[in-house]
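First comes the structure, then the notes that go with it.
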Amino acid sequence: MQYHEAKLLATAADSSQWPKGGLPEIIFAGRSNAGKSSLINALTNRKNLAYSGKTPGKTRLLNFFEVDGRVVFTDAPGYGYANRDSASALMFEKLIDPYFHHREQLKGLVLVADSRRKPNEDDITMVEFGRHAKLSVIVACTKADKLSRSQLLQNMKMIAAALGVNENSLVPCSSLKKQGIEQVWEKIDNMIK
Ligand SMILES: Nc1nc2c(ncn2[C@@H]2O[C@H](COP(=O)(O)OP(=O)(O)O)[C@@H](O)[C@H]2O)c(=O)[nH]1
Ligand SMILES: [Mg+2]
């Protein structure tokens with residue numbers, strides 16, 4: 001397992017609070033409970049880096065983590081609450097849209113999706129946002145440990161089709177079993193080089 005240095009750089013409600021500095025950025029987005037925090041923690045070998053979910057208030061903001069002094073992971077709020085029309089739409093409009101369109105060093109989107117579930121409208125919208133902003137898009141299919149090999153392969157096809165992305169953009173992974181984590185890193189390295 002590789003050692004990684006990671007620290008919280010900034011928590012931002014709007015563009016005035018985005019961190020200064022020009023390191024390439026990768027945004028992590030996904031439905032609540034998809035496994036986003038666990039994945040960021042697994043990628044950085046940290047237990048608690050991204051568990052801001054337990055800090056009330058910070059979950060609705062962008063959290064910027066600098067990793068190894070060479071890349072910044074931006075943790076977006078989880079989406080897909082029951083009151084989608086108000087909370088989620090507002091989040092896309094106020095937080096995600098300006099960041100996607102005005103953050104020059106933003107290079108890629110990691111869509112975090114539970115490998116057991118069919119992508120929903122918010123997942124599809126997120127991928128479209130990424131495409132419009134000309135980002136590289138990959139899909140981390142989390143909780144792969146919960147599926148058999150054949151179910152996983154079947155679901156990967158289903159997820160790629162639902163999102164309209166190439167199957168090569170998908171990485172099955174398990175933060176719990178530490179599987180597929182190096183493959184996610186490989187794809188991130190490709191996005192920032
Ligand atoms: N089995 C399994 N459970 C996971 C995995 N990743 C996350 N979880 C669990 O899924 C739940 C939500 O994870 P979390 O990272 O907080 O999701 P977030 O809301 O997207 O940040 C937690 O109970 C995690 O322990 C995984 O790879 N395998
Ligand atoms: Mg979380």
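All ligand and atom numbering here is 1-based and tracks the order in the structure. The analysis underlying the following values was restricted to heavy atoms, covering all of them including side chains, and did not include hydrogens, waters or symmetry mates.
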Answer yes if the side chains of His4 and Asn45 hold a donor-acceptor pair under 3.5 Å, and no otherwise.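 No, no side-chain donor-acceptor pair sits under 3.5 Å.
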Any luck finding a side-chain donor-acceptor pair between Tyr79 and Asp123 under 3.5 Å? yes
Shortest non-hydrogen contact from Ala12 to Leu95? O-CD1, 3.9 Å
Measuring from non-hydrogen atoms of Ser32 to any atom of ligand 1, is the shortest distance under 4.0 Å?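 Under 4.0 Å: yes for Ser32.
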Which of these, Lys36, Lys177, Lys178, has its nearest heavy atom closest to atom 18 (P) of ligand 1? Lys36
Could you work out, for atom 6 (N) of ligand 1, the closest of Gly180, Ser38, Ala29 by heavy-atom distance? Ser38
Any idea which atoms of ligand 1 are less than 4.0 Å away from a heavy-atom of [X]?
| X | value |
| --- | --- |
| Arg31 | 20 (O) |
| Ser174 | 27 (O) |
| Ser175 | 26 (C), 27 (O) |
| Gly35 | 7 (C), 13 (O), 14 (P), 15 (O), 17 (O), 18 (P), 20 (O) |

Does atom CD of Gln151 have more than 12 heavy-atom neighbours from other groups under 6.0 Å away?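 More than 12 within 6.0 Å, yes.
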In terms of heavy-atom contacts, does NE2 of His101 have more than 12 from other residues, nucleotides or ligands at under 6.0 Å?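 Above 12, so yes.
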Please enumerate all residues that pass salt bridge (Lys or Arg N to Asp or Glu O under 4.0 Å) together with Asp189, with sequence neighbours excluded.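 Asp189 satisfies salt bridge (Lys or Arg N to Asp or Glu O under 4.0 Å) with Arg70 once adjacent residues are dropped.
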Verify the distance test for Ser37 against the Mg ion (ligand 2): any N/O/S atom under 2.8 Å, yes or no.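 Yes - counting backbone and side chain alike, Ser37 has an N, O or S atom under 2.8 Å.
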I'd like to know if Val127 and Met158 are part of one continuous hydrophobic network [Ile/Leu/Val/Met/Phe/Trp/Tyr, side-chain heavy atoms within less than 4.5 Å].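 Hydrophobic grouping puts Met158 with Val127.
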Look at the rings of Phe129 and Phe100 and say which category their plane angle falls in: under 30° parallel, 30 to 60° tilted, over 60° perpendicular. perpendicular
Please work out, at 4.0 Å between heavy atoms, whether the side chain, the backbone, both, or neither of Asp145 comes within that distance of ligand 1. side chain
Nitrogen or oxygen atoms of [X] and ligand 1 under 3.5 Å apart:
| X | result |
| --- | --- |
| Ala34 | yes |
| Lys143 | yes |
| Lys146 | no |

